[in-house]
Amino acid sequence: MSSPASAAPTGRKVGLLFGSFNPIHTGHLILAHFMATHTDLEEVWLIVSPQSPFKVGQEMLGENERLDLVQRAIANNDRLRVLDVEFIMPMPSYTIDTLDELRHQYPNHRFVLLMGEDNLPGLPRWKEAERILTENEIYVYPRPGVDATEVNARSGVRVVEAPLLDISATFVRECVRTGKSIRYLVPEAVEQQILTAGYWK
């Protein structure tokens, strides 16, 4: 598999958006592009997780199929990249291990974690959470019904007023299962592949 970021100049400040992307949807893409163009980040890399430790046992489209959908979604955006770095790592995937691997591969890059406000309260349960907080900047984006007051008080955590979009992959999958349109919920190329391949039917 390719490593799309290998040709990028050293010293870039890169945002990392982790996710199952099951499937990638418009909410993911607007967020990633906003972060790449409205902050000091030069790129955003979408890290496709083969297995999240918080989603063990959930039905998941194959990792290569999900990677393919992300590639189709960002094909014409030179500020976004997709990485399959976690595909060769032990499962389930832990953020700290992936960060260590990325630092090894790209020692001159500066990485910033992109995280929804709803995920921040659960961060203390993550593997080596304190090291994640002390070694990395975190850019937090709004989520419905979450108060950012406490977030603002944390050192190294920056709240970015990105567009708030309440679209979920679960909703997209349910639309596919029930034969409802997913137009505009996902890019056209992603919609075509989902319907052609019969995903979630």
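Scope of the values below: all heavy atoms of this structure, side chains included, with no hydrogens, waters or symmetry mates.
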Checking Ser20 side chain against Asn22 main chain: does a donor-acceptor pair fall under 3.5 Å? no
Looking at side-chain heavy atoms only, is the closest gap between Glu43 and Arg81 below 4.5 Å? yes
Take Tyr139 and Met115, measure what side chain to side chain contact (heavy atoms under 4.5 Å, CB included) needs, and give me the verdict at the end. CA-CA 6 Å; Tyr139 289 4; Met115 184 182 300; over 6 Å; no
Shortest non-hydrogen pair, Glu63 vs Pro50, comes out as OE1-CB, 3.1 Å
Give, for atom CG of Leu195 and atom CH2 of Trp200, the distance between the pair rounded to the nearest 0.5 Å. 10.5 Å
Could you report the tightest heavy-atom contact between Gly27 and Ile167, atom names first, then the distance? N-CD1, 4.1 Å
Quickly, which of Asp78, Asn77, Val82 forms a side-chain contact (heavy atoms from CB on, under 4.5 Å) with Leu80? Name it, please. Asn77
Criterion side chain to side chain contact (heavy atoms under 4.5 Å, CB included) on Phe87 and Val48, from CA distance to verdict: CA-CA 8 Å; Phe87 289 16; Val48 180; 3.9 Å; yes
So, for Phe18 and Trp45, is the gap between ring centers shorter than 6.0 Å? no
A side-chain contact here means heavy atoms from C-beta on lying under 4.5 Å apart; do Ile138 and Val112 qualify? no
Using a 3.5 Å distance criterion without hydrogens, assess whether the side chain of Asn136 forms a donor-acceptor pair with backbone atoms of Ile132. yes
Heavy atoms, side chains only, cut-off 4.5 Å: are Val186 and Ile24 in contact? no
Summary of side chain to side chain donor-acceptor pair (under 3.5 Å) pairs that have at least one residue in residues 178-192, sequence neighbours excluded: Glu188-Gln192
Could Arg103 and Glu135 be called an ion pair, given the rule that one side-chain N must be under 4.0 Å from one carboxylate O? yes
Run the salt-bridge test on Arg66 and Asp84 with the 4.0 Å N-O cut-off and return the result as yes or no. no
Minimum side-chain heavy-atom gap Leu113-Leu99 below 4.5 Å: yes
Can you measure from CG (Leu41) to CG (Leu17) and round to the nearest 0.5 angstrom? 11.0 Å
Please check if any side-chain donor atom of Asp100 sits under 3.5 Å from a side-chain acceptor atom of Tyr94, or the reverse. no
Test salt bridge (charged side-chain N to carboxylate O under 4.0 Å, His left out) applied to Asp40 and Arg158, step by step: CA-CA 12 Å; Asp40 60 345; Arg158 170 185 171 188; 3.6 Å; yes
Minimum side-chain heavy-atom gap Leu165-Leu31 below 4.5 Å: no
Between Val140 and Val160, is there a side-chain heavy-atom distance shorter than 4.5 Å? no
Can Leu133 and Glu130 be said to form a side chain to side chain contact (heavy atoms under 4.5 Å, CB included), step by step? CA-CA 5 Å; Leu133 283 166; Glu130 282 306 313; 4.1 Å; yes
What are the two closest non-hydrogen atoms of His28 and Pro23, and how far apart are they? CE1-O, 3.7 Å
Taking everything shown except Phe171 itself, do over 12 heavy atoms lie less than 6.0 Å from its CZ? no
Just verifying a value: how many Å separate Met91 CE and Ser49 OG, rounded to the nearest 0.5 Å? 11.0 Å
If you compare all heavy atoms of Tyr141 against all heavy atoms of Ala162, which two are closest, and at what distance to 0.1 Å? CB-CB, 4.2 Å
Write down the atom of Gln193, the atom of Tyr199, and the distance for their closest heavy-atom approach. NE2-OH, 3.5 Å
Is there side-chain contact between Leu102 and His109, with heavy atoms separated by less than 4.5 Å? no
Check the pair Ile74, Arg79 against side chain to side chain contact (heavy atoms under 4.5 Å, CB included), reporting the backbone distance first and the verdict last. CA-CA 9 Å; Ile74 67 170; Arg79 300 293 293 272; over 6 Å; no
Charged N to carboxylate O under 4.0 angstrom, Glu42 versus Lys13? no
Do the side chains of Val14 and Val44 get nearer than 4.5 Å, heavy atoms only? no
